[in-house]
Enquirer: 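Structure in C-alpha cells, see below.
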Number of protein chains: 2
Amino acid sequence: MTTMQDVATRAGVSAKTVSRVFNDDPHVTEDTRQRVQSTMRELKYVPNMLARTFREGKSAVIGIAVPDVADPFFAAITKEIELAAREHDMAIVVTSLGDNPSLEQNIIETTVRRQIGGLIIAPIAADQSYLARWQDSFPIVFIDRTPIKLNADYFVEDDFGGAFEATQHLIAHGHRRIAIVGDSTDVPTTRLRLEGYRAALDDAGLRNDEELVVLGSRNADGAAQACKTLLALPDAPTAIFSSNARFSIGVFPALQALNRTDIALISYGDFPMADVLQPSVSVIDQDPRRVGRVAAERILARLATPAKRFRRKNVLPVRLIERQSCQSVPALSAPVDVP
Amino acid sequence: MTTMQDVATRAGVSAKTVSRVFNDDPHVTEDTRQRVQSTMRELKYVPNMLARTFREGKSAVIGIAVPDVADPFFAAITKEIELAAREHDMAIVVTSLGDNPSLEQNIIETTVRRQIGGLIIAPIAADQSYLARWQDSFPIVFIDRTPIKLNADYFVEDDFGGAFEATQHLIAHGHRRIAIVGDSTDVPTTRLRLEGYRAALDDAGLRNDEELVVLGSRNADGAAQACKTLLALPDAPTAIFSSNARFSIGVFPALQALNRTDIALISYGDFPMADVLQPSVSVIDQDPRRVGRVAAERILARLATPAKRFRRKNVLPVRLIERQSCQSVPALSAPVDVP
DNA sequence: GCAACTCATGTCATCGATGACATGGATTTT
DNA sequence: AAAATCCATGTCATCGATGACATGAGTTGC
C-alpha cells in the first residue's frame, strides 16, 4: 500500500505537502500540485481511511442493528439508510440482533467498539440503559421500537393508531369476532397494537374476548399454529388481525391450508406479494423506506449540528392499504354469550 | 473516552501493562492484574478498535457489495455472511450497487478505501479489472456472478444446469411453446440461463423460436410488460421461464391480471410467498444462505491461511422445487410452423 | 534599506494500541 | 559466589494522516 510518505519521497516534497495537495489546500504552487498529483497517479496512491478516521476519533460509519437484516421490512430500511449515508460519504455496518433479547447488549457493544459515527437500532430487549454511556460519543436513533430506560431519539410507526384503524376496518366489514395474533407484549410495539385493537373493539361496543387474543408466538410457524387453534374454537373468529408482517407470512398459508380464505385477514405491516395473493391481503403499511430515511437524516443532522435540539419522540403515520382479504362477509355467527 | 493511558495513570502502571492485562499476557503478576482490571471497570474502559486495526493495517470488517440489499435473495446472503463473520469477530459493511453498471467501480472503491479485511461482491458491471490492484491487500470473493477480466474466487449457482432443468421440467409437462423472460445478456448469469434454456429445447428437438425470447427488461414491471406482449402473440407460449426471481415477482401478477393462470410458470430463484400463491410457483432454488456461508468461509479461510491454495471456480448446485405452477396441461396448441 | 508581511513548504507532535527492546530485581545454575 | 536466567514492567517507536507551529524566501511599504 502506497502511503503519503511514499508519494512525498518520490515527488521530492514532504508528506504534509502531499496531504495539502490531496485536501485541496490553496497554499500549494500549481507546479508542486501538478508534480504531486502525477506522482499520486503513478504510485496509485489511495488514502488510508483508517488512519484518517483514527485521528479524527470517529469513523464515517453508521451502525445499524435490527432484529433481522433478511426481513423485508428491515432490509428496506437498511437500504434506505445506506443511500442516505452514502450521500454524506458514510458507510453502514449492519448487524442482526436475532430474537434472543439477552444477546442484544453484547452484540451492540461489539458494534459500538468500532468507533461508529452513529447508531440506528431497532431493539429487541427490554432495557437499553446500557447505551447511556455512549450517548455523548455519537448520536443514537431508535426505529420501530422505542428505547426503554433510555432517553434517545426515536422514530416509530403509529402502532396504536394503525391497529385501531385495522380493527375498525374489520368491524366496518361486519366482523364481530376478531382475533389478534402477535408476539410478546414485552415488545412495546406489540403492546401498543394490542391496545389499539382493544380500543377499536371498545369503541364499537364489542366485547374483548381474551380467548381471541393469542400472543406469544415466536415466528411465522408459531403464528400459523395460533391461527389453527383459533379456528378450532367453538365460537371461532371470522377475522384475524395479524400484528406483524412476519406473522402474516405464517397466518396466510395457514388459512389457505385450512381452506378458510373466508376468514378475513389484515396485517400490520405490508409484505412481499401481499398484493397478488388470493385473496390479496389488506395491510397497514409502515413505509419502511421512510423510516430509514428519517432515521438516517436525524443521525446526519445530529452529526452536523450537535448543539441543535431536535424532537426526540417521532411517530410516523401508517396507512391502510385495502385489498381483498377483508371483503368476505362474515358468516352468521352472532356472538353467543351463553357460557 | 477512556484510553489505556488513562487506566494506566490511574492504576499507577504503564500503558503497556494495561495492554498486557487486556490481552491476557501471562507476564503480569496477579496483583497488578487485579488492580488494572478493577481500574478498567471503574473507568469503564473500552478498547478503541480503530486504533488497533489501524496499527494492524487492516480492519476486521468484511465488505459486501450486492445489487440490492433489499432484494430477498441478497438480503438472505447478507444475513448469512454476517452470522459467519461474527463468529470470527468480524463485522460487515454493506453496499448496494444499484442497477447502473457504470457506478460500480466508484462505489466499490469507496468501500475499499476503508481498509476492509475482505470483499464479497455480486457485481453488475462487465469488467472488474479495476479490482486487480486490491487483490493482494485482501481476499475478494465473487458471488452469484463470475468476475470479468479478473481472476478471483467465485461461487456461482449452476445457471446453465438450473435453466436446463427448469425448461426440461416444462417440456416434461407437455409444453412445447416455452418463453423465456430475462434481463440483459450482458449479465453472464442471464446468458448462461438462456443457454440452458436453449439446450433443453434442442435436447427435446424443439425449435428455438426467437419470438419467445424476451430479454432486456430492467425490473419487475418490465417483465410484466414482456409477459403481456408474449401472450398477445398469435402463437402465444403456454409456459414461461422467468430467468430471475426479481422478474417473477412481476410476471406472476401479470398472468393473474390477464387471468391466464393456465400459463405455466417456473422461476429461476425462489421468492417470498412463492409457495402460497395461487397457483404456487415452481422454482429453481438457489439457496442464498448457502451462497453466503461458503463465500464468508472462503474469505475467512483466505485470511487465516493466505498461502493455501483454493479452488477458484465454484459452482453450487441448484434444486428444482416443484409446486403447482407447471401442472396445467397446455391447451391444444400444436406448434404451427406455417409462416 | 529594513521592517512587516505573505506564502510555500517543512518539522514535529498527535491520535491509541502494541511490537521490539531495555531494565533491574529475584531466582536458579554451576 | 559469580554467572546465567527468568520475569514483571517500563520506554520508545510505529502505524498514516494532519493540525499547530516553524522556517525561510520573496514581496511590499515607508
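Order of the sequence lines sets the chain letters (A, B, ...), proteins ahead of strands, with each chain counted from 1. The basis for the numbers below is simple: all heavy atoms, side chains too, and nothing from hydrogens, waters or symmetry mates.
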Enquirer: Between B:R113 and B:E109, does any side-chain N to carboxylate O distance fall below 4.0 Å?
Expert: no

Enquirer: Check this for me: does the side-chain of A:R55 come within 3.5 Å of the base of C:dG16 through a donor and an acceptor?
Expert: no

Enquirer: Can you tell me if the side-chain N/O atoms of B:T3 get under 4.0 Å from OP1 or OP2 in C:dC15?
Expert: no

Enquirer: Roughly how many Å is it from CZ in B:R35 to C1' in D:dT9, rounded to a whole number?
Expert: 11 Å

Enquirer: Starting at CZ of A:R246, measure out to CG of A:N219 and round the result to the nearest 0.5 Å.
Expert: 8.0 Å

Enquirer: Is the side chain of A:T189 donor-acceptor paired with the backbone N or O of A:R145 at a distance under 3.5 Å, no angle test?
Expert: no

Enquirer: With heavy atoms under 4.0 Å as the rule, sort B:R52 into base, sugar-phosphate or nothing.
Expert: sugar-phosphate

Enquirer: Is A:R302 salt-bridged to A:D153, going by a charged N under 4.0 Å from an acidic O?
Expert: yes

Enquirer: Rounded to whole Å, how long is the line connecting atom CG of A:L50 with atom P of D:dA17?
Expert: 11 Å

Enquirer: Taking the nucleotide of DNA chain C with the nearest heavy atom to each, does A:P26 or B:F22 sit closer to the 5' end?
Expert: A:P26

Enquirer: Do the two ring centres, one from A:F142 and one from A:Y154, sit under 6.0 Å apart?
Expert: no

Enquirer: Does A:N48 put a side-chain nitrogen or oxygen below 4.0 Å from OP1 or OP2 of D:dC15?
Expert: no

Enquirer: NA contact type, B:V18, heavy-atom cut-off 4.0 Å: base, sugar-phosphate, or nothing?
Expert: nothing

Enquirer: Using whole Å, what does the distance between atom P of nucleotide C:dG16 and atom CG of B:N23 come to?
Expert: 17 Å

Enquirer: Nearest whole Å is fine: how far is C:dA17 P from A:R113 CZ?
Expert: 12 Å

Enquirer: On DNA chain D, does the nearest nucleotide to B:A51 precede the nearest nucleotide to B:R33 from the 5' side, or the other way round? Give the residue.
Expert: B:R33

Enquirer: What is the distance, to the nearest angstrom, from the CD atom on A:Q5 to the P atom on D:dT14?
Expert: 12 Å

Enquirer: Any side-chain N or O of A:T32 less than 4.0 Å from the OP1 or OP2 oxygen of C:dT9?
Expert: yes

Enquirer: OP1 or OP2 of D:dC7 sitting under 4.0 Å from any side-chain N/O of B:H27?
Expert: no

Enquirer: Measure the distance from CE on B:M40 to P on C:dA17 and round it to the nearest whole Å.
Expert: 11 Å

Enquirer: D:dG24 P sits how many Å from A:K16 NZ, rounded?
Expert: 19 Å

Enquirer: Starting at the 5' end of DNA chain C and moving along, which residue's nearest nucleotide shows up first, B:Y45 or B:R20?
Expert: B:Y45

Enquirer: With heavy atoms under 4.0 Å as the rule, sort B:T29 into base, sugar-phosphate or nothing.
Expert: sugar-phosphate

Enquirer: Please report the distance, rounded to the nearest Å, between CZ in A:F54 and C1' in D:dT18.
Expert: 12 Å

